[in-house]
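Everything on this sheet refers to the single structure shown next.
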Amino acid sequence: MSERSSDNMCERFVRKVARRTSRRSLLSKLGTALVAAPIFPLLPVSRAGAATPDRPLTDFERNAQTEDPNRCDYWRHCAIDGIICGCCGGGPHTCPPGSEPSPTAWVGTCLNPDDGRHYLIAYRDCCGKSVCTPTGSDCRCNETDRDLPVYRPQSNNDIIWCFGNSSMAYHCSTAAIVGVAG
Amino acid sequence: MSERSSDNMCERFVRKVARRTSRRSLLSKLGTALVAAPIFPLLPVSRAGAATPDRPLTDFERNAQTEDPNRCDYWRHCAIDGIICGCCGGGPHTCPPGSEPSPTAWVGTCLNPDDGRHYLIAYRDCCGKSVCTPTGSDCRCNETDRDLPVYRPQSNNDIIWCFGNSSMAYHCSTAAIVGVAG
Amino acid sequence: MRETRSIMLRCLAVSKAIARRKPSAPLARTILFGASALASVSVAAQEAESTPVLPAERSDVAVLSAAGPHRIFNFSPFGGGGVILFEGDDPAIKSLGNVPATDNAAVALPRDASKIYLAETYWSHGNRGERSEILSVYDAQTLDLESEIPIPGHLHVVPKMSQMGLSDDDSLAYIYALVPSSSVHVVDLAKESLATTIEIPGCALVYPYGPRSFATVCGDGTIGSVTLDDDNGSSIRFSERMFDPDNDPVLENSIVDRSTGEGFFLTYTGKILSVPLGEGPISGETWSIQEAAGMEAPGTGVQELAWRPGGNQLMALHRDTGRIYVLMHPGNHWTHKVAGTEIWVLDAHEHKLLRRIPLDTPATSVAVSQGEDPLLYVFGFEGDGPGGLEVRDATTGEVLRGRGWPGFGNVFVPGN
Amino acid sequence: MRETRSIMLRCLAVSKAIARRKPSAPLARTILFGASALASVSVAAQEAESTPVLPAERSDVAVLSAAGPHRIFNFSPFGGGGVILFEGDDPAIKSLGNVPATDNAAVALPRDASKIYLAETYWSHGNRGERSEILSVYDAQTLDLESEIPIPGHLHVVPKMSQMGLSDDDSLAYIYALVPSSSVHVVDLAKESLATTIEIPGCALVYPYGPRSFATVCGDGTIGSVTLDDDNGSSIRFSERMFDPDNDPVLENSIVDRSTGEGFFLTYTGKILSVPLGEGPISGETWSIQEAAGMEAPGTGVQELAWRPGGNQLMALHRDTGRIYVLMHPGNHWTHKVAGTEIWVLDAHEHKLLRRIPLDTPATSVAVSQGEDPLLYVFGFEGDGPGGLEVRDATTGEVLRGRGWPGFGNVFVPGN
């Protein structure tokens, strides 16, 4: 398998929004923001206090494993809601063939039991293709550690994160490492 | 529940076909056929020899019941392939609300165990609406008594019989009595 | 070439006898179906037998009666699902019909459930092509599509009651959207057109009340309230910070009574913010449903076992009696989607627990019919099998009837 | 109004450090997300620990290797399904990816499986609106849509191998349609346009062979063969009556070898019509697979128990060895869709049974890979659970691997 870059997605996102909406005031704001900013997929934010080293483990963290990324209890899946892309021909940070990673994502803060660190995980949906038919018995997950409601969208796992893709059709969800939670 | 007529469906069918195709020679043939013919839904044909009174019963006929029309073993379902409309808000000859009976149908010849007669059953699909989500555990049927391949289309239960409907989307299948098999 | 081979599919003539429901009249014509398959349909009189010949049937289409208070609208907009209608009094809990919806559609019903409104997104070629964002209007008796009102869009999300709602007089639809900014699209249902779009930066979801107002929940722990003026201008008011959005946020499927403007916002740990949303400053009192049950109010510990609310559509309000139904389970914090093992019945005004209803199978969702003789609907059962729908007496909690059927989702009832 | 509330969703800047895969470099900027939810992402160096920090990952998209002979294309065009790709040698039988298809789409693959062709029907609003009849062309390695070729339509039917096929040189697609008349749409795949439509009144389905020919089966018991001339004119020849279409018809998933034009038409009772479809009159010999197994050839009795063929894609041909695989079950006549409990392996030319392979679970479909080391794929298992896909050695019948997965449908393999 080889890779295709997902560069410039944010730019495409904004352009698509620009085409679709008639709300000029908003657009000009977005346009301004872009001029000042390098083009890169939107990164999620950390939630303050999520990674206090001495807090007790959640049930998910107690049971998490690091061997099989195509099961719901894989350590990175602590806040995933969706179908694991690894069950659809993709991988933890790889969209299945023919789908596109979303430039936007929701975020979880998950404990890696191997190194004891908390990592920020971007749950980027893979989009532009109808819902994946997963092969595997433990591919549809709904984990909720520190999942917040939609009025805190970047920490919400219910939203279809396909904004700015060629179509908003949801295919599956990845769980890419963004960095260590600070 | 009240009823809405399904009159003039055949007419609408031909008109829609006329709009959709560019094959004028065919259309003129269909047009000619129509001029000579009253407008009425296409009726299926009987298969010669289907109802010989002294032939042995099929397995379906041995087990058929006449009480619950929303099960696969209801006597009229001897050649049905599809979702029973009675599980979707319809009935044996009634389409669920918001769907349309197809003007065309495939046909079965089924034995009514109550009167010992063979009846011609028109399996009219209800169309124009996405596939029904049936409520019931025995609503998806595939019975094959005297089911013939698609090159004998009026005796074939695999075809989506939604020709001429507002859209060809398949919703469910009915099993209406057409008459006694001669 | 064999010229006798005829075109396979023709609309050929038959007698109108059947149309006129004269079942035993012989057919006047035969039906041709390919030259080699010529056969005749004969509905000739049978030789005399003891039982009459069953009459030929005409195909027709069912139309529903007007919805009573026990009509159920189950909504599951995934994988070709949509709205399935049931009658709560039907012993068989059998589908009355269904209305398709796109994946992640949103739904709303007027109080008399005469219409079904669906906010939908279509692409002309399934998952690609031209995009249409529409509000589909269905007649809830014929289940026919009546119109498609263009809208700017709606949020694609696991369905929530508070994604979309109607003004108290059923004249306006409020549709929540996240892009390009967090906003609410207001549709004039009589004019079948967009009235306005209201930005609600930092807030999300709509909880309509009164003729031209809706509440919304904000990421900084406040409750907002938007009121439209007659020219579709709008003003927004906010409460002080009423909850901790990072650790104990208000659940999305909280409830505002459309008529009275009484809001009941339930948090992850089981606090209810009772917020009257009339004129003036927004404030209210916070009480704990566990304390109402004589227990300690739980905290946010990830290893702090307590009775906690959880599920999807996990809360329901019977407006006339002021009873709140909440799905509860024993669990730690962050188990807010776990299925409930009990339904707690609370007095919304006295802040008292009235009843605990144990469930045989844990469920994620609950709804209650309005008016007299309320029925309690429990659904979204755990497990691989059919989701099921259980109908209980809303007063006693007793199981009246139920049936397994496939599905998950939200349930909407008339009268809300 | 609070002016500090910012727009919720903005594409804001972050350092390119992550893009450049320097995982431990600190982020140069913070990300703003609502004024009240300001927080910083810090990928600062951890205090020294024994294990290295896992690197940040960039999102990418998988691309498949070119298909080898053991690539599997499972086709299930219902309820949001489509083509799911597998590798027959993969011990886990895990999806390689999937291509969506509309309900009742038809599929074909070129011999090298470099493309996936889907005949599809779309309505612009799901089940309503503007209708599009297209042949969708996918690259079978990227699974990207390459083009949409307008076509007049295709038959909506439970999927069959013989609804659609390609000429031996993969240059033409033949698509069967029933309305307005039974006909075959011929698409020039290089020009991406319809070449012609050929009416085949009284007949149905397409079994391509050679550069510009296809066989078809007719309702009067004959086999037809259509050949296109260079100007896309066509001529059709028919055999004499070769089977009884009312009582013992030829099954739809019969097989014609695209290269040699050898046809193997299997009837309900288990007769095979071996029909060479070259030049001249169409005729052939009929033999019984039960007789090939040393049994009596069964009749058409509805209470005549015998080994009979049954299922969906119930027949497969390994071209190099001339082996035919047929799903068989004990049953009466008219059980032609019943799942098979055994696979019978037959020599297509010697008319001999080579092997009977008992199945642990009855299955409705079978396929075989072409070339050396053929694999036998058994699928469409009965029961409520996942359909499953079992991979067997096509020579010995031994189970090599298998896995439950949801689905039903047809399996296509490269090289056919």
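On a predicted model such as this, the values are computed, not experimentally measured, just so you know. We name chains A, B, ... by the order of the sequence lines, and we start the count at 1 in each one.
Taking 4.5 Å as the limit, every side-chain heavy atom of Val302(C) sits out of range of all side-chain heavy atoms of Phe60(A). Residues Val179(C) and Met168(A) have side chains not in contact (no heavy-atom distance under 4.5 Å, counting atoms from C-beta outward).
Between the CG atom in Asp248(C) and the CG atom in Leu148(A) there is a gap of 10.5 Å [rounded to 0.5 Å].
With Thr144(A) contributing its side chain and Trp334(C) its backbone, the two residues share a donor-acceptor pair below 3.5 Å.
The part of Asp81(A) that comes within reach of chain C is its side chain, from C-beta onward, which places non-hydrogen atoms under 4.5 angstrom from that chain. Using a 4.5 Å cut-off between heavy atoms, Asn142(A) contacts chain C through its side chain alone, with no backbone atom that close.
Residue with the most contacts toward chain A among Asn332(C), Thr216(C), Val217(C), Thr121(C): Val217(C) (heavy-atom pairs, distance under 4.5 Å). Listed options Asn156(A), Leu57(A), Asn157(A) were ranked by heavy-atom pairs under 4.5 angstrom with chain C; first place goes to Leu57(A). Listed options Cys127(A), Ser130(A), Ala79(A), Cys162(A) were ranked by heavy-atom pairs under 4.5 angstrom with chain C; first place goes to Ser130(A).
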Solution key, residues 148-155 of chain C side-chain donor-acceptor pairs under 3.5 Å, sequence neighbours excluded:
residue   : atom : partner   : partner atom : Å
Glu148(C) : OE1  : His125(D) : ND1          : 3.0
Glu148(C) : OE2  : His125(D) : ND1          : 3.0
Glu148(C) : OE2  : Arg128(D) : NE           : 2.5
Glu148(C) : OE2  : Arg128(D) : NH2          : 3.0
His154(C) : NE2  : Asn104(C) : O            : 2.8

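Of all heavy-atom pairs spanning Gln303(C) and Thr58(A), the tightest one is NE2-C, 3.8 Å. Taking every heavy atom of both residues into account, Glu252(C) and Pro149(A) meet most closely at OE2-CA, 3.1 Å. Between Pro153(A) and Leu178(C), the shortest heavy-atom contact is CB-CD2, 4.2 Å. Residue Ala169(A) comes nearest to Trp123(C) through the heavy atom pair N-CH2, 3.7 Å, listed as atom of the first residue, atom of the second, then distance.
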Checklist entry - When you look at Tyr151(A) and Ile200(C), which way does the side chain to side chain contact (heavy atoms under 4.5 Å, CB included) test go after all the steps? => result CA-CA 10 Å; Tyr151(A) 51 83; Ile200(C) 50 169; over 6 Å; no
Item to check | side chain to side chain contact (heavy atoms under 4.5 Å, CB included) assessment of Phe163(A) paired with His156(C) | outcome: CA-CA 10 Å; Phe163(A) 306 110; His156(C) 290 207; over 6 Å; no
